[in-house]
Amino acid sequence: MKAFLNELNEEQRKAVEVTDGPILILAGAGSGKTRALTYKIAYLISKGTDPFNILALTFTNKAAKEMKERVSLLLGSGDARNVWLGTFHSVFARILRVEGVKLGYPSNFTIYDTEDSKKLIKSIVKSLDLDDKVYKASSVLGRISSAKSSLISAADYNKDEELKENDVALKRPRLGEIYALYAEKCFRASAMDFDDLLMNMNILLRDFPEVLHKYQRQYKYILVDEYQDTNFAQYVIVKKLAANNENITVVGDDAQSIYGFRGANIENILNLKKDYPELKIFKLEQNYRSTQNIVNAANSIILNNKKQFKKEIWTENEQGNLIKILKAATDNEEGRKIADYISFLKDSEDSIYRDFAILYRTNAQSRALEEGLSKTGIPYRIFGSISFYQRKEVKDLIAYFRVIINNNDDEALLRIINYPARGLGKVTIDRIIVEADSNRIPVWQIINDLNDYKIEINQGARRKIDDFVYMIRSFATYLNSKNAYELAHIIADKSGILADLFEDKSMEGISRYENITELLSGIKSYVEEETDEDNADNGNKSLAHYVQNISLLTDADKDDKNTDVVSLMTIHMAKGLEFPYVFLSGLEENLFPSLMALNTRSELEEERRLFYVAVTRAMKKLFISYAESRYKWGNQEFCEPSRFIEEIDPKHLDLSDLRARESYREKQIEMPKRNWEPKENKKTITPDPLPGKNFKKVTKTFTSNTTINSHYDVGMVVEHERFGKGKIISIEGAADNTKAIVLFDKEGQKQLLLKYAKLKIIE
DNA sequence: GTATTATCTAAGTCT
DNA sequence: TAGATAATAC
């Protein structure tokens, strides 16, 4: 049973074997911190601890999922499932569904996402007749969010003179007022935003001692991942929960603290010793992930930061290649160059696409990179920017679900009250909102008892509103009798969403329709799944449970382990991941480090930690690229290479490309644009001398919802989800806009955007 | 009053 | 580039 301890190194094992009392594991990048945590959970259970008595908190669903899988591997899924293992947000949401009644929330409360929150703030700013450029929704929300992260309620905020002065100085004197209205309206809608999940959890533990004691008793062992990313609220809550037993293990790395902008506080690690004088500290310094060259380069980067723990990360891995710096004339060339290197490495090192990641500072950079991959025929997937669940059409359908589950959910209600169009325009809706506001009640109550309120609405509109209310009510009657899939299907159909999207025959329209189909099939597989990962009450497959499950999910959580594609994502998203080959792009001043982070030393240091995180994602080979010019909001701008490149000890760098660049350019001019032929260019820029390799043509199809890219040719017989089989007659356009004209057996000739069409190649 | 079209504006990292 | 808003058509 305890054999698995042998799979740990000495320091890891020590950290695992000490179970009681406060423990800090300072774990460098790639030092096996997840391993230490999961083995500790397994060890606790193997020694007889009831899984129900273990609470393990992570920041991302992905990390939670991975830990759960790894504990299952060690112990079998039965025990692993019962551990309270999840993100801060999801675990607290689960508790608040049970205990929230004490704070006045029903168990079916809605979780507002950022878009909902911003819309609400916008409407409040408007109703107060304020300038929406001064009170920008995103910055107002940011202010409210950081207040909540510091456990400052609206009432506290408005009492605080210092905050008030600050707002006056920033020419936003009425921010406190907006905060108060925002909080009131969320509450009225039975909704919590992300930060409320933390703040309300704290209120619950603060004001209800019996609840506090209940959970203190329950969670005999508490483990926290990525402790350096905790904000004040999370810190306080964890401290309260652990106060009784003090059996708390936190894992963190100050060098990887990259969420300061969201209120994360490195000091939480530094102060741990003060909170727990008995604190035992273990340092994991051996890196198992990267080559010596990468590890040492990373060490040289972080030395530039003043504020840090003394750590010496080392590795027994091989020396490895130098970090190659790539220079490109434009952002597009950067994309092509990276694509070329990927093709080359894939063949020369016998690797697969999944081994590669392209990382960047901002989502906007993905476009140019995407184009390069696309032209070279490399399949890829972009993580982030717009998650599947954030797509308009998906949110629309989910908004129906939300309203049916919680009638008071104003944001969802307003989203669908006239979608699909049912003749209720701005004027009518505005009047209803005004009436709801003046009565301080949710919109639903107005439209549900329309005749009780004296609103100026004509008969026609009244009829339409009544029809809408009737429809929602009739859906609601199925909530308990039908499972999530059955009901979702009824709603998609009867609401008119499916018909509305089906009518739109544009490429985008077809893609929207397909997204709804995908959502429905996702719900279907949710219903058919054996167990329910995030909820204790296994087996409940109601629509309400489905919505609860997805409301905290993001794009990164969709695992695509089965598809062999290159990953594109922001560095933030890449945290905790590793790839054999990493391309770190856009290393330019004002982009990375970001222009907005140049004002203070601490912000710059956070950017540097971000750079450190990026570099330490690479296992075998790392490439760092920059462009001399880049399109930014429509114009081409010239860029300087990032200071971060200079900060790496030059002995770890391979600068040959900077000199070889000219010949590459000449070659570009020699072969004008015609068709992009990777083979030809390869020879000119190929770094390592490994000639004679041919480049295989990519002929796979990939069905990821985000971006699909594969090689189609005229004459191929393909299959489309809706149109059936057909033959490709011609292909035109490039990159994202590549269109194929397909003659379908049944449906006739159609023009399809390859990006969306998900054509399956038959022959 | 509502639906459609044209114009404008803003673009950072995320649970 | 897209999403929100303003102007115009129905």
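Residue numbers start from 1 in every chain, and the chains themselves are labelled A, B, ... in the order their sequence lines are given, proteins ahead of strands. All heavy atoms count here, side chains included; hydrogens, waters and symmetry mates do not.
Residue-level contact check: A:N458 touches neither bases nor backbone, having no heavy atom under 4.0 Å from any strand. Among the atoms of the strands shown, base atoms are found under 4.0 Å from some heavy atom of A:E607. Within 4.0 Å of A:K133, counting heavy atoms only, lie sugar-phosphate atoms of the nucleic acid but no base atom. Within the 4.0 angstrom heavy-atom criterion, only backbone atoms of the sugar-phosphate kind lie near A:K136; the bases stay farther away. Note on A:T428: only backbone sugar-phosphate atoms sit closer than 4.0 angstrom, heavy atoms only; bases stay farther off. Residue contacts for A:R422: at a heavy-atom cut-off of 4.0 Å it reaches no nucleic acid atom on any strand shown. Counting any heavy atom pair closer than 4.0 Å across all strands shown, A:F261 reaches a base atom.
For A:N418, taking side-chain heavy atoms from C-beta onward, the closest of the listed nucleotides B:dA3, B:dT15, B:dG12 is B:dA3. Of the candidate nucleotides B:dT13, B:dG12, C:dT1, C:dT1 has the atom lying nearest to any side-chain atom of A:R367. The side chain of A:V427 has B:dG1 as its nearest neighbour among B:dG1, B:dT15, B:dG12. For A:F194, whose side chain is taken as the heavy atoms from C-beta onward, the closest listed nucleotide among B:dT15, B:dA3, B:dC14 is B:dT15. Set against B:dT15, B:dT2, B:dG12, the side chain of A:T362 has B:dG12 as its closest nucleotide. Distance from the side chain of A:K122 is smallest to C:dT5 among B:dC14, B:dT2, C:dT5. Nearest nucleotide to the side chain of A:A421, out of B:dG1, B:dA3, B:dT15: B:dA3.
Within the 4.0 Å cut-off from OP1 or OP2 of B:dC14, at least one side-chain nitrogen or oxygen of A:T570 is found.
Here the closest heavy-atom approach between residue A:D410 and residue A:Y112 is recorded as N-OH, 3.7 Å. Here the closest non-hydrogen pair linking A:Q228 and A:A264 is O-CB, 4.0 Å.
The aromatic ring of A:F88 does not sit over the base of B:dT15, since the test of centres under 5.5 Å and planes under 30° is not met.
Taking the six-membered ring where tryptophan is involved, the planes of A:F644 and A:F611 are essentially parallel, since the angle between them stays under 30° and well short of 60°.
Between A:E456 and A:H89, the one whose closest nucleotide on DNA chain B sits nearer the 5' end is A:E456.
In this structure, A:I429 places its CD1 atom 11 Å from C1' of B:dG1, rounding to the nearest Å. Computed from coordinates, the A:R431 CZ to B:dT2 P distance equals 8 Å when rounded to whole Å. One can place CG of A:N231 at 17 Å from P of B:dC14, the figure rounded to the nearest angstrom.
A donor-acceptor pair shorter than 3.5 Å can be found between the side chains of A:S90 and A:T87.
Looking at A:E333 and A:R336, their side chains come closer than 4.5 Å, going by heavy atoms from C-beta outward.
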